[in-house]
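Throughout, protein chains are lettered first and strands after them, A, B, ... in sequence-line order, and every chain is numbered starting at 1.
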Number of protein chains: 2
Amino acid sequence: MADTLSPATLKVSCSNCSLRELCLPIGLNPDEMSRLDAVIRQSRKLKRGDALFRSGEGFRSLFAVRTGFFKTTVASCDGREQVTGFHMSGELMGLDGISADLHGCDAIALEDSEVCELPFDRMEDLSRDIPSLQRHFYRLMSREIVRDQNVMLLLGNMKAEERLAAFLLNLSQRLSSRGFAANDFILRMSREEIGSFLGLKLETVSRTLSKLQQQGWIKVDHKHIRLLEPATLKALLSGCANAGSGAR
Amino acid sequence: MADTLSPATLKVSCSNCSLRELCLPIGLNPDEMSRLDAVIRQSRKLKRGDALFRSGEGFRSLFAVRTGFFKTTVASCDGREQVTGFHMSGELMGLDGISADLHGCDAIALEDSEVCELPFDRMEDLSRDIPSLQRHFYRLMSREIVRDQNVMLLLGNMKAEERLAAFLLNLSQRLSSRGFAANDFILRMSREEIGSFLGLKLETVSRTLSKLQQQGWIKVDHKHIRLLEPATLKALLSGCANAGSGAR
DNA sequence: CGCCTCTTTGATACAGTTCAAACTCGGTGG
DNA sequence: CCACCGAGTTTGAACTGTATCAAAGAGGCG
């Protein structure tokens with residue numbers, strides 16, 4: 001594979017991608033890595049609000065977030081929508097499409113974003129040849145199931161205050177594992193989207209954030225959030241299972 | 001593999017298992033099928049209340065329900081537990097254990113049951129050799145993710161009455177696809193377990209069932225449920241997404 | 001500058017929870 | 001055989017957290 005670095009076509013390359021550890025943290029040898037590179041499709045750019053795919057569309061590929069931020073939603077006939085997850089760099093979207101060869105949710109960019117496309121049939125073939133890749137895929141899907149179970153727990157058992165705490169701590173943890181500040185960040189989604197994800201109305205989200213601020217646990221400045229006492233937030237959740245639930 | 005039919009050891013055989021279509025509905029040729037049989041471990045029997053596995057235990061195998069009924073639960077430190085699914089014959093449990101090599105939930109038999117054990121590392125190897133098996137596994141895991149998303153939608157958006165309707169219709173559909181009556185069945189779980197799964201208290205489950213009965217939609221006689229007007233129940237859900245949510 | 005969307009905050013309504021008590025059923029032992 | 005017991009269930013009454021309705025405030029963008 002000629003790795004021409006013409007800035008226009010900018011072929012994606014996993015081998016020198018800074019997200020390698022997040023997205024495909026697998027021990028591939030150079031040869032395997034270059035076969036993987038050959039399969040990954042040129043990265044695709046989306047603007048804020050664009051749909052990467054929509055529920056019901058034919059499923060061809062998984063998508064890994066390179067930069068930006070996404071939400072995935074399941075829509076109901078009468079217009080209600082449930083946000084099923086928020087997705088940041090290095091995370092995979094579209095796993096739910098494999099089962100029926102149709103995408104099961106919408107994926108919407110919440111800011112200008114860039115994704116890698118992984119054509120699934122090629123990945124399937126490749127994973128047959130590269131055991132560690134196959135294993136990685138199984139783990140990835142399993143991890144998604146674990147996350148979903150944690151969201152169920154959140155939706156089934158937790159109060160508004162606990163849900164928000166879990167949500168913020170989860171974002172914090174994922175951001176810090178990407179090298180961003182753990183306790184000072186910008187929310188990419190609206191109050192309504194947070195509410196949809198957490199099973200609350202947007203007013204309740206707003207009120208609860210205010211309450212957490214009044215207590216001095218956090219500082220809210222519109223979308224700018226600072227966690228002043230992350231330990232106290234965690235304490236809110238002890239007794240609520242594997243604290244690290246929250247978002248996708 | 002010698003298929004000795006000594007009643008004592010009773011080796012499991014997928015090739016002549018009546019659940020083949022449910023559990024592993026894949027086009028395997030006879031050779032592939034016998035290799036699969038060779039990997040499946042002797043079936044294991046559990047009594048009502050027994051744990052098949054528990055959260056935190058090392059993950060070795062997936063388990064397919066042969067007969068009986070299970071719940072899976074995620075427990076929180078302070079004793080609260082969230083039922084994450086109910087599982088009947090032909091369904092697989094343990095997929096959440098792959099990600100960390102640890103089981104992520106408890107699996108408890110709700111009646112005397114029997115399961116097939118699928119040692120995961122052997123299945124991994126086998127799925128590398130048998131493309132259709134690999135593909136089937138990916139689909140299976142993806143289907144689990146889709147189910148979980150539907151439960152999120154249920155927990156995030158639906159009212160008590162809608163949750164119960166979704167739950168009953170889901171059970172109904174799964175039972176009927178196994179050849180049982182769709183509109184007349186026995187619940188294997190307690191009101192409390194239903195409530196935990198649906199994010200409601202047991203009293204609310206009881207009250208809501210009574211209400212559905214008063215309306216004439218269903219007949220409740222303890223654990224014996226009859227759906228008198230399944231169409232009306234479905235109508236409750238139109239507007240609540242892909243009606244087929246509910247249980248696992 | 002002013003419109004529009006998103007957000008905050010308040011007042012009220014209601015669904016579901018909590019607490020409590022009565023009831024049913026299956027099992028056990030006198 | 002019947003009385004008794006306990007677990008699970010139903011039902012009632014009061015309470016509470018969140019939703020709903022409504023209005024005002026804050027930024028961002030044309």
**Q** Touch check for B:Thr204, heavy atoms < 4.0 angstrom, all strands: base, sugar-phosphate only, or nothing?
**A**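 The residue B:Thr204 makes base contact.
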
**Q** Of all residues at least two apart in sequence or in a different chain, which pass the side-chain hydrogen bond (donor to acceptor under 3.5 Å, both in side chains) check with B:Asp112?
**A**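 B:Asp112: no side-chain hydrogen bond (donor to acceptor under 3.5 Å, both in side chains) contacts found.
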
**Q** Assign B:Leu200 to base, sugar-phosphate, or nothing according to its heavy-atom contacts below 4.0 angstrom with the strands shown.
**A**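 The answer is sugar-phosphate, as B:Leu200 gets under 4.0 Å only of primed atoms, P, OP1 or OP2.
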
**Q** What is the bend of the helix from C:dC1-D:dG30 to C:dG30-D:dC1 when you compare the axis at one end with the axis at the other, using five pairs each and rounding to 10°?
**A**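 About 30°, once rounded to a multiple of 10°.
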
**Q** Just call it for B:Gly195: base, sugar-phosphate, or nothing, with non-hydrogen atoms closer than 4.0 Å on any strand.
**A**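 No contact at all - B:Gly195 keeps every heavy atom at 4.0 Å or more from the nucleic acid.
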
**Q** With heavy atoms under 4.0 Å as the rule, sort B:Ser206 into base, sugar-phosphate or nothing.
**A**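 Here B:Ser206 touches the bases of the nucleic acid.
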
**Q** State which residues pass ring pair (Phe, Tyr, Trp, His ring centres under 6.0 Å) with B:Phe53; sequence neighbours excluded, sorted by chain then number.
**A**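 With sequence neighbours excluded, B:Phe53 shows a ring pair (Phe, Tyr, Trp, His ring centres under 6.0 Å) to B:Phe63, B:His103, given in chain and number order.
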
**Q** Can you give me every donor-acceptor pair (side chain of residues 186-196 of chain A, partner residue at least two apart or in another chain, under 3.5 Å) with its distance?
**A**
from, atom 1, to, atom 2, distance (Å)
A:Arg188, NE, A:Glu111, OE1, 2.8
A:Arg188, NH2, A:Glu111, OE1, 3.4
A:Ser190, OG, A:Glu192, N, 3.3
A:Ser190, OG, A:Glu193, N, 3.1
A:Ser190, OG, A:Glu193, OE1, 3.4
A:Arg191, NH2, A:His222, O, 2.8
A:Glu193, OE1, A:Ser190, N, 2.9
A:Glu193, OE2, A:Lys71, NZ, 2.9
A:Ser196, OG, A:Glu81, O, 2.9
A:Ser196, OG, A:Val83, N, 2.8

**Q** Tell me if the NZ atom of B:Lys223 is crowded by more than 12 foreign heavy atoms within 6.0 Å.
**A**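 For B:Lys223, atom NZ is crowded (more than 12 foreign heavy atoms under 6.0 Å).
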
**Q** Hey, could you give me each pair passing side-chain hydrogen bond (donor to acceptor under 3.5 Å, both in side chains) that has a residue in residues 205-215 of chain B? Not counting sequence neighbours.
**A**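 Listed by first then second residue: nothing to list.
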
**Q** Under the side-chain hydrogen bond (donor to acceptor under 3.5 Å, both in side chains) rule, collect the residues that match up with B:Glu229, sequence neighbours excluded.
**A**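 side-chain hydrogen bond (donor to acceptor under 3.5 Å, both in side chains) list for B:Glu229, sorted by chain: B:Thr232.
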
**Q** Would a 4.5 Å heavy-atom cut-off, applied to side chains only, mark A:Arg44 and A:Leu52 as touching?
**A**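 Counting from C-beta outward, A:Arg44 and A:Leu52 do come under 4.5 Å.
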
**Q** Please identify each residue that fulfils side-chain hydrogen bond (donor to acceptor under 3.5 Å, both in side chains) with A:Arg54, with sequence neighbours left out.
**A**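 Only A:Asp106 meet the side-chain hydrogen bond (donor to acceptor under 3.5 Å, both in side chains) criterion with A:Arg54.
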
**Q** Identify the 5'-most and 3'-most nucleotides of DNA chain C with at least one atom closer than 4.0 Å to a non-hydrogen atom of chain B.
**A**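 The contacted stretch runs from C:dG16 to C:dC25.
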
**Q** Given that A:His222 and A:Leu202 both sit by DNA chain D, which one's nearest nucleotide is further toward the 5' end?
**A**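 On the 5' side of the pair lies A:Leu202.
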
**Q** Tell me, please, which residues at least two apart from A:Ala100 pass side chain to side chain contact (heavy atoms under 4.5 Å, CB included).
**A**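 Per chain and number, A:Ala100 pairs via side chain to side chain contact (heavy atoms under 4.5 Å, CB included) with no residue.
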
**Q** Just the endpoints, please: which first and last nucleotides of DNA chain D, 5' to 3', lie under 4.0 Å from a heavy atom of chain A?
**A**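 So the outermost contacting nucleotides come out as D:dT18 to D:dG27.
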
**Q** State which residues pass salt bridge (Lys or Arg N to Asp or Glu O under 4.0 Å) with A:Arg178; sequence neighbours excluded, sorted by chain then number.
**A**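 In terms of salt bridge (Lys or Arg N to Asp or Glu O under 4.0 Å), with neighbours along the sequence ignored, A:Arg178 is linked to A:Glu91.
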
**Q** Looking at residues 211-221 of chain A, who's got a heavy atom less than 4.0 Å off DNA chain D?
**A**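 By residue number: none to list.
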
**Q** Indicate, with yes or no, if the rings of A:Phe86 and A:Phe197 have centres closer together than 6.0 Å.
**A**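 Close enough - the centres of the two rings lie under 6.0 Å apart.
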
**Q** Should we count CZ of B:Arg226 as having more than 12 external heavy atoms under 6.0 Å?
**A**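 Counting other residues, nucleotides and ligands, CZ of B:Arg226 exceeds 12 neighbours.
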
**Q** Determine yes or no for a side-chain-to-main-chain donor-acceptor pair under 3.5 angstrom, with B:Arg66 supplying the side chain and B:Cys17 the backbone.
**A**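 The answer is no, because no donor-acceptor pair under 3.5 Å joins these two groups.
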
